[in-house]
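The structure under discussion appears below in the form of structure tokens.
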Amino acid sequence: MTTENAADTVLSGMRPTGALHLGHYHGALKNWAQLQHRHRCLFFVADWHALTTHYESPESIRQHTIDMVIDWLAAGVDPQRSTLFVQSRVLEHAELFLLLGMGTPLAWLERVPTYKDQIANLTDRDLLTYGFLGYPLLQAADILIYRARWVPVGADQVPHIEMSREIARRFNALYGRDADIEARARLAAARLDDAQRAQLQQLRRAADQDGELDKRDAARALIAASALTRAEKDALRAQLDGGRRTILREPEALLTPESKLPGLDGRKMSKSYGNAIAIREERGSVETKVRRMPTDPARVRRSDPGDPARCPVWQFHLAYSDEATQAWVQRGCTSAGIGCLECKQPVIDAILREQQPMLERAQPYLDQPELVRDILDDGCERARAAARATMAEVRDAMGLRLG
Ligand code: TRP
Ligand code: SF4
């Protein structure tokens, strides 16, 4: 890890679905690879989440995990910068899930939109289980245990992040009470110089009485800039937050921009629609798949003009081609000046060009799968150390520490 800022931790996870496709690359993975240059990043395989829906078919989890992590590495997620790990190997997630479950109202779980949707849609499975109801709570534990600030996810996951925020807030309100805070804050304030102390008092009063949020921020900045010890600063901040300690941080969704790339048939790219190109698709197969792509149905014969707006190939040109090529498509298609195969060739070339560095990055891991295992071993250990530190505080706050 390099220039990380622990206060700005990014965390995200994916269920182990096996090899990923270009939609995953243009949606999530490219984003992850960029984030790791600016933040401390943790990325994990949510294998327990896979079992919430696929508890009857665990056979594929192991291989899917390896294949998916190889694609993360292929896409440029760098194990020197980011911590890559597997959820089920950091048992502390399960402990936090259990403890959070004590005070989480059932209604919060039942009203998550994905809950009723999935039960209605995935009719081939019985999802009326305790595990599936707990899906977003487990996700909250995944996030809160690292005190992550940012969670890059697609729009469908935003309700889960919202619920994680509510759970953190409730946890801090229930268990962050601290009777000594006033006394400790008074001692800390006494160590400020007179001008700072007077200013802080004024800001705090304005924040409390008028609910002025910027006053609270200004007070926080004053505390941060002071020469106090960390414990003294903590006490002043806790006082500012109404005498509650922030044990679990409220995370924020970092909305992943929609991938510009649809599937081969123009619908959303998805393995289950059979319209996907894998990140590590073979060259010949890329060529065949693009050549077979449907085009504007009005172009029955080569001499019929077409309309790119009605053609999924045009969406690929929008994602991959420069302006000159796009102009060539527009002109050639509407005048029947070019054929569809001709039109598709630059798309094929662009996909192969994009995949080349990914294939090269993946090769060592395909040759030596034990390298992937080493990366995950190392990442699991780092994740565990961070998770353990949070759990020590959580246990303590919930009255589970003896002596
Ligand atoms: N539910 C997420 C998905 O289906 C996967 C996930 C599990 C996750 N735990 C997470 C994502 C924590 C972000 C943070 O995509
Ligand atoms: Fe689609 Fe290109 Fe054929 Fe026009 S020429 S219909 S844009 S593939």
Side-chain angles (χ1 to χ4, degrees), residues 9-17 20 24 27-29 31-32 41-54 68 85-88 90 93 96-97 112 114-115 118 132 134-146 148-165 167 251-256 264-266 290-318 321 325-348 383:
T9 296
V10 166
L11 170 116
S12 197
M14 279 187 202
R15 282 167 294 166
T17 49
L20 301 177
H24 295 117
L29 293 177
N31 195 224
W32 288 12
C41 286
L42 298 132
F43 300 120
F44 72 97
V45 180
D47 53 353
W48 279 334
H49 277 107
L51 285 172
T52 64
T53 50
H54 291 66
M68 185 169 81
F85 68 98
V86 178
Q87 181 187 38
S88 66
V90 185
H93 289 226
L96 185 56
F97 171 59
V112 170
T114 41
Y115 181 62
Q118 299 240 51
F132 187 64
Y135 186 112
L137 188 62
L138 179 57
Q139 184 162 351
D142 298 336
I143 298 167
L144 301 179
I145 206 163
Y146 301 103
R149 164 132 194 228
W150 300 113
V151 188
V153 284
D156 64 315
Q157 294 293 310
V158 169
H160 294 169
I161 311 304
E162 280 303 314
M163 204 193 79
S164 304
R165 294 172 64 84
I167 289 190
E252 294 173 49
L254 193 61
L255 204 60
T256 307
L264 292 161
D265 56 2
V290 176
R291 287 202 182 114
R292 287 194 189 142
M293 272 177 82
T295 58
D296 177 358
R299 288 205 80 179
V300 181
R301 276 170 304 247
R302 167 71 175 76
S303 54
D304 298 330
D307 177 3
R310 296 168 182 276
C311 175
V313 179
W314 172 241
Q315 298 303 316
F316 278 62
H317 277 293
L318 286 176
S321 299
T325 311
Q326 290 177 6
W328 169 79
V329 173
Q330 286 290 344
R331 220 177 314 112
C333 180
T334 50
S335 64
I338 59 173
C340 289
L341 279 179
E342 213 177 322
C343 178
K344 288 169 171 178
Q345 193 56 45
V347 168
I348 293 173

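Both ligands and their constituent atoms are indexed starting at 1 by order of listing. Heavy-atom basis, side chains included; hydrogens, waters and symmetry copies ignored.
Atom 5 (C) of ligand 1 has Gly13 O, 3.6 Å as its closest protein atom, hydrogens excluded (heavy atom only). The closest protein non-hydrogen atom to atom 2 (C) of ligand 1 is Gln157 OE1, 3.2 Å. Taking atom 8 (C) of ligand 1 as the reference point, the nearest protein heavy-atom neighbour is Gln139 NE2, 3.5 Å. Remark: minimum distance from atom 9 (N) of ligand 1 to any protein heavy atom is reached at Asp142 OD2, 2.7 Å. For atom 2 (Fe) of ligand 2, the closest heavy atom belonging to the protein is Cys343 SG, 2.3 Å. Nearest protein heavy-atom contact of atom 1 (N) of ligand 1 is Tyr135 OH, 2.7 Å.
Within the 4.0 Å heavy-atom criterion, neither part of Leu138 lies near ligand 1. Contacts with ligand 2 closer than 4.0 Å are made by side-chain heavy atoms of Val313 only, the backbone lying farther away. Contacts of Cys340 with ligand 2, taken as heavy-atom pairs under 4.0 Å, involve both backbone and side chain.
Backbone or side-chain N, O or S atoms of Cys333 do not reach atom 2 (Fe) of ligand 2 at under 2.8 Å.
Listed by number with element, the atoms of ligand 1 under 4.0 angstrom from any heavy atom of Ile143 are 12 (C), 14 (C). Under a 4.0 Å criterion applied to the non-hydrogen atoms of Asp296, ligand 2 contributes the atoms 6 (S). With ligand atoms numbered from 1 in the order given, ligand 1 contributes 9 (N), 10 (C), 12 (C) to contacts under 4.0 Å with heavy atoms of Phe44. For ligand 2, the atoms closer than 4.0 angstrom to any heavy atom of Thr295 are 6 (S), 8 (S). For ligand 1, the atoms sitting less than 4.0 Å from at least one non-hydrogen atom of Val151 are 13 (C), 14 (C), numbered in the order shown with element in parentheses. Distances below 4.0 Å separate heavy atoms of Ala46 from the following atoms of ligand 1: 7 (C). Annotation for ligand 2: atoms under 4.0 Å from non-hydrogen atoms of Cys311 are 1 (Fe), 6 (S), 7 (S), 8 (S). Set against the non-hydrogen atoms of Arg299, the atoms of ligand 2 under 4.0 Å away are 3 (Fe), 5 (S), 6 (S).
Note: Phe132 and Tyr135 have perpendicular aromatic rings, judged against thresholds of 30 and 60 degrees for the angle between ring planes.
Screening Leu144, Ile143, Ile145 for a side chain to side chain contact (heavy atoms under 4.5 Å, CB included) with Leu11, the sole residue that qualifies is Ile143.
Arg302 places a side-chain N or O within 3.5 Å of a backbone atom of Ala336 that can act as its donor or acceptor partner. Checked by atom type and distance alone, the side chain of Gln330 never pairs as donor or acceptor with a backbone atom of Pro308 at under 3.5 Å. Side chain of Thr52 to backbone of Trp48: no donor-acceptor contact under 3.5 angstrom is found.
Pairing each heavy atom of Pro346 with each of Trp328, the nearest pair is CG-CZ3, 3.8 Å.
Below 3.5 Å of separation, one finds an N or O of Arg15 facing an N or O of ligand 1. Annotation: His160 places no N or O atom under 3.5 Å from an N or O atom of ligand 1; distance criterion only.
Distance check, rounded to the nearest 0.5 Å: CZ of Arg291 to CG of Leu341 gives 7.0 Å. Note that CH2 of Trp150 is 12.0 Å distant from CG of Leu255, once rounded to the nearest 0.5 Å. Distance check: Thr256 OG1 to His24 NE2 gives 11.5 Å after rounding to the nearest 0.5 Å. Atoms CZ and OG1, on Arg310 and Thr295 in that order, are 12.5 Å from each other to the nearest 0.5 Å.
A distance below 6.0 Å separates the ring centres of Phe85 and Tyr146.
There is no side-chain donor-acceptor pair under 3.5 Å between His93 and Gln87.
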